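Naming: A, B, ... by sequence-line order, numbering from 1 per chain. Predicted model, so just to flag it, every value in this text is computed and none were measured.
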Amino acid sequence: MPELPDLQVFSRNLDKKLAGKTLEKVTVPNDKKLNVSVKSLQSTLQGQKLQKVHRVGKELHLDFKDGDVLGLHLMLRGQLHLFENKNDHKHTVIALLFDDGTGLAMTDGFGQATPTLNPEDREAIDALSPKMTAAFLTEQLQSTKAAVKNVLLDQNIIRGIGNAYADEILWDAGISPFSAANKIPEASIKALAKSIKEVLHNAEKHILKEHPDIISGEIRDFMDIHNPHKTHSPKGAAIQHKTVGGRKTYYTEEQELYK
DNA sequence: AGCATCCTAGGCG
DNA sequence: CGCCTATGATGCT
């Protein structure tokens with residue numbers, strides 16, 4: 001499943017491909033997760049010009065000319081596909097057809113991928129926002145004794161970090177994912193702030209270089225720690241894993257456990 | 001805070 | 001060829 005760096009590349013490519021086109025028809029074969037009726041979605045968006053595609057947290061935002069926004073969240077298994085004129089992708093949740101015959105479909109066998117008309121602005125800041133500073137992290141981490149990894153994953157605090165990148169970031173910062181958030185010293189919080197930016201930016205750069213045109217899937221092969229094909233970290237420690245709450249955490253002894 | 005829920009498909013044995 | 005797992009968010013206990 002795609003995480004922030006993948007989505008960043010997708011949004012870029014979709015913007016290149018679709019911005020400036022007028023939405024002719026939107027269909028929602030699976031409207032279980034849609035926050036408005038299909039009719040109201042259609043009457044709001046059809047006929048509007050798509051101005052911009054960009055990423056907000058783990059969601060893609062399609063900004064239309066009159067200020068309406070279509071949010072697309074891929075959740076666990078959602079995928080995006082471009083099509084010409086007719087969409088035949090299986091498990092289509094929503095399909096957008098533009099005036100030149102180009103189409104975009106979001107599919108999901110699980111049916112969990114979520115389209116949202118005019119998603120509410122959330123207070124949580126984006127992981128790549130300039131507001132994501134060591135000072136911000138200090139404030140957030142001090143207020144809870146929860147495991148630091150859970151804080152990174154909490155979309156109500158920071159938007160955009162998922163399970164795989166949380167492990168990469170924490171290894172890079174030298175902090176054990178099981179550390180109590182309020183026990184992490186200032187110097188390590190600074191390292192963490194730096195690692196969040198660096199790990200996400202480097203991943204995006206890598207994906208863009210190796211897969212410049214992708215709009216779907218996830219690229220994971222280059223990950224150093226959260227990677228089932230690797231046994232040792234770049235610095236040589238054995239990678240360990242532990243399943244917490246149904247999802248796997250990868251870590252090494254190179255990471256300090258604060259408790 | 002922590003676990004069950006959604007219930008597919010691709011990868012690996 | 002069948003089993004296993006992977007990722008997110010919500011809502012319950």
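Residue A:P228 is the one, among A:N156 and A:P228, whose nearest nucleotide of DNA chain C lies closer to the 5' end (criterion: closest heavy atom). Between A:H229 and A:N150, the one whose closest nucleotide on DNA chain B sits nearer the 5' end is A:N150.
What separates CD of A:E3 from P of C:dA6 is a distance of 13 Å, to the nearest Å. Summarising the geometry, the separation between CZ on A:R77 and P on B:dC7 is reported as 14 Å, rounded to the nearest angstrom. Distance CG (A:D108) to P (C:dA9): 13 Å, rounded to an integer number of Å. Rounded to an integer number of Å, the gap from A:R159 CZ to C:dG8 C1' is 13 Å. Rounded to a whole Å, the CG atom of A:D221 is 16 Å from the C1' atom of B:dG10. The separation between A:H73 atom NE2 and C:dT7 atom P is 15 Å, rounded to whole Å. Atom CZ of A:F110 is separated from atom P of B:dA9 by 9 Å (rounded to the nearest Å). In this structure, the CG atom of A:L153 is 14 Å from the P atom of C:dT10, given to the nearest Å.
When the C1' atom is compared between B:dT8 and C:dG11, the two are found 22 Å apart, to the nearest whole Å. Nucleotides C:dG2 and B:dC7, compared at atom P, are 23 Å apart to the nearest Å. Taking the P atom of each, C:dT7 and B:dC12 are spaced 14 Å apart, rounded to whole Å.
Between A:M75 and A:T114 there is a side-chain heavy-atom pair separated by less than 4.5 Å. At least one side-chain heavy atom of A:L128 sits less than 4.5 Å from a side-chain heavy atom of A:L200.
For A:T144, counting side-chain heavy atoms from C-beta on, the closest listed nucleotide (C:dT7, B:dA1, C:dA9) is B:dA1. The A:H226 side chain lies nearest to C:dT7 when the options are C:dG8, B:dT8, C:dT7. Comparing C:dA6, B:dA9, C:dG8 by their nearest atom to the side chain of A:H91 picks out B:dA9. The listed nucleotides are C:dA9, C:dA6, B:dC7; the one nearest the side chain of A:K32 is B:dC7.
No engagement by A:T107 is indicated, since no non-hydrogen atom pair under 4.0 Å with the nucleic acid exists.
At a threshold of 4.0 Å, the pair A:K21-A:D100 counts as salt-bridged, since one of the basic side-chain nitrogens sits closer than that to a carboxylate oxygen. Between A:D167 and A:K149 a salt bridge is recorded (basic side-chain N to carboxylate O distance below 4.0 Å).
Under the 30°/60° scheme for interplanar angles, the aromatic rings of A:Y251 and A:F178 are found to stand perpendicular.
Residue A:K248 places at least one side-chain N or O closer than 4.0 Å to OP1 or OP2 of C:dA6. Note on A:K33: every side-chain N or O is 4.0 Å or more away from OP1 and OP2 of C:dA9.
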